[in-house]
Every structure is written in C-alpha cells, then in structure tokens.
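What follows is a short report on a single structure.
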Amino acid sequence: MVGELASGVLKGDHRSLAKAISIVEAGGPDRRRLIREIYPRTGKAFTIGITGPTGTGKSTLVDKTIEEYRRRGRRVGVLAIDPSSPFTGGALLGDRLRMMDHSLEREVYIRSMASRGDVGGLARAARNTIRVLDAAGMDVVIVETVGAGQTEVQVATAVDATVVVLMPQLGDEVQAFKAGFNEIGDIFVVNKADIVNPARTMFNVASGVQEKKGWRPPVLKTVALRGTGVPAFVDTLEKFEKFLDENGLREERMRHRLEAELVEAAFSDFYSETVSRLKGEKSWRQLLGQVSRKELDPETAAGKLVKIITGLDASPNA
Ligand SMILES: Nc1nc2c(ncn2[C@@H]2O[C@H](COP(=O)(O)OP(=O)(O)OP(=O)(O)O)[C@@H](O)[C@H]2O)c(=O)[nH]1
Ligand SMILES: [Mg+2]
C-alpha cells in the first residue's frame, strides 16, 4: 500500500503526491514507512523558504516566481503554511505561459497546510512534505510562511535559502524585522515598490543584514503584482544556489538541519511513547497517589520517574 504510493510519488503522479502529503501531515507509522521508501531519492531539489510579515505580497511573489522558474524549464513544488490568501497557481500563469508549456499541470504542484498549536509537529510535517515534493522530481520547492514566530524560524532552518519579503514603510513590522528576520534572511525583497518609494526601507534593511560565510544578503525590490523585478529575483536565487554548491555550504547546511531534525524527532517520539507507556505502569499511579496525599513531593517524584522511565523497555515499534 505505502510501497505503491511511494512509487506513484517517485513518478510525480499528483494524486499520489496529495495522498502522501496527507500521510506525512497526519504522522504515525505510515509516515515512517513512506519516508523510508522515498528518502534515498531526495536531495536534488533546491528548497526556498519565503517568509515575512502578513500581507507583504508573499503569495503573489510565489505565483510570479513559479512562472519565472517554469520559463527556465524547472519544475516547482509549493507548500503554503496557513495561507490567508490563496495561490492562483495555474490560473494566474495565464494563456501566454500555457501556450509555452503544455505540461504545466504536471510540472507545478501547490499544496496548503494549516498551522496548528504544535510547532514541532508542523515543522516535521513541513520537512517531510519538502521531501515528498523533492522525491517527486521537483527542481525547486518553495515554502511560504507568515510572521516571525517559531514556525518561521523552524521552517527557515529546513530549507536551503530563506527569503524575507517586506514592503515599504512597514512601521511596527520594521521592529519585527529587527527582532529576528535579519538573522534568517539570505535574500531580502522589498515588494509593493509601486505604492511607496522603497529606497528608505531598502536602505534600512541593507544596513541591518549580516554577512554570512562570504554571502552578503542582497536587498531587492519588486512589484510582484506586475512581475516587475521577478526575473532578477530568480537570478539572485540561482546565484545563491550556485554559491552554496560551490562552497560546500549546501551540504554543510543540510547536515546541520539533519542534526536538529533527528534530535527533535527522536525526542518527540520518545516523549509521546514514554507518556503512553508510563500511564500504563502501576508505579506511575502509585507515585501520583503519593504526591497528591503529600507523602512525596513533586521534585522527588520527578527523580523517581526518571528511574522508572529509563527502566522501561525500548519501544517495540521502533
Ligand atoms: N500594489 C501592490 N499590491 C500588491 C503587490 N503584491 C501583492 N499585492 C497585493 O497585496 C495583497 C496581499 O498580497 P498576498 O500575496 O496575498 O500577500 P501575502 O504576503 O501572501 O499575505 P499573507 O499570506 O496573508 O501574509 C493582495 O491584495 C495583493 O494583490 C505589489 O507589488 N503591489
Ligand atoms: Mg500568502
């Protein structure tokens, strides 16, 4: 069953893709089987995170970026986390592109995912969705997130390149920018350059960015609505991709990501597994009873719990 699904994914079949992403979103044993099947076929896609304050034009920019990458003959997968504005996807791409590219339906795949309380779970689902799209033969995978919260930071650490999209005169959002966006961005885009002259915002952003291992994050301007500046944006993405490859940084970043992911995934599984097993133990109920009767204090009980947990057998499902 999962094996069949995996081969559908590897062929780039959209129905298999949809089903596979639902599985990695839900978690559980099928997720593990699926990822085991497809993992050897991942690692080719260039992955891009697009983030920034709400309403700056991220989805519009992604739409135009898909179009530009298609012109360059690259297949694009998109994951939008909690989008308030839908992608027009194929619809916006227009007849012009359709005439150039009859296989559009097979070459672009767009998926949304609702964000939820559990940030760790979302980041895990996002990472595995990126893998599914990568294994399906997408050359480029774009992930859109909103805001400067934990999710964005986690997603930023799950991709090769992080793009921060701002707009001129964001006021409070410029504060938010100072609070964290400048650390995660590899490329900055000041969009909506048609509304207000973006020069000041661009200057402020440029003076706040930090050079990382020989890459000074560029600050670009776009009018995503009209596609202005989008070819230059994609040029910059390709330049960054080349920069990462030529300096061995793509590998290095990937190793760091995997290190963080393994620790997180293992601890998350360990936690849920332990809690469910612990609650089936007699000693757990005894300990809880002793603490509620004040025969034992919570700190001492926690110490005893660690002993009980480390004494539990290894997971039978691992
Ligand atoms: N004037 C102007 N409007 C734009 C531009 N780009 C996007 N917009 C508009 O700005 C609004 C928000 O655009 P979205 O692309 O949905 O922005 P977003 O950042 O994805 O929004 P969230 O996902 O809700 O954070 C829409 O009405 C767009 O049409 C632009 O370059 N110029
Ligand atoms: Mg959006």
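Counting starts at 1 for both ligands and their atoms, following the listed order. When a residue number appears, it is its place in the shown sequence, counting from 1.
Contacts of Glu144 with ligand 1, taken as heavy-atom pairs under 4.0 Å, involve the side chain alone. When non-hydrogen atoms are compared, ligand 1 lies under 4.0 Å from the side chain of Asp194 (C-beta onward) but not from its backbone. At a heavy-atom distance under 4.0 Å, only side-chain atoms of Asn191, from C-beta outward, approach ligand 1.
Comparing Thr60, Ile50, Val165, Val196 by heavy-atom distance to atom 15 (O) of ligand 1, the nearest is Thr60. Comparing Lys58, Lys64, Lys192 by heavy-atom distance to atom 10 (O) of ligand 1, the nearest is Lys192.
Taking a cut-off of under 4.0 Å to the non-hydrogen atoms of Ile195, the atoms of ligand 1 that pass are 1 (N). Residue Ser59 approaches ligand 1 through these ligand atoms, each under 4.0 Å from one of its heavy atoms: 15 (O), 18 (P), 20 (O).
Salt-bridge check for Lys242 with Asp245: failed, with every basic side-chain N at 4.0 Å or more from each acidic carboxylate O.
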Test salt bridge (Lys or Arg N to Asp or Glu O under 4.0 Å) applied to Glu281 and Arg277, step by step: CA-CA 7 Å; Glu281 290 281 309; Arg277 296 172 120 240; over 6 Å; no

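Considering the Mg ion (ligand 2) as centre, the angle to OG of Ser59 and to OE2 of Glu144 is 90° (10° rounding).
No side-chain N or O of Thr47 forms a donor-acceptor pair with one of Arg250 less than 3.5 Å apart.
Scanning both residues, Thr42 and Arg131, for their nearest heavy atoms gives CG2-O, 3.5 Å. Residue Val164 comes nearest to Gly185 through the heavy atom pair CG2-CA, 3.8 Å, listed as atom of the first residue, atom of the second, then distance. Of all non-hydrogen atoms in Ala136 and Arg75, the two that sit nearest each other are O-NH1, 3.7 Å. Asn197 and Pro168 make their closest contact through O-CB, 4.3 Å (heavy atoms, listed as atom of the first residue, atom of the second, distance).
Here's the thing with Gly57: one of its N/O atoms is less than 3.5 angstrom from an N/O atom of ligand 1. Residue Gly55 has at least one N or O atom closer than 3.5 Å to an N or O atom of ligand 1. Note: an N/O pair closer than 3.5 Å links Ala224 and ligand 1 by distance alone.
Between Asp160 and the options Leu244, Val140, Asp186, Leu249, a side chain to side chain contact (heavy atoms under 4.5 Å, CB included) holds for only Leu244.
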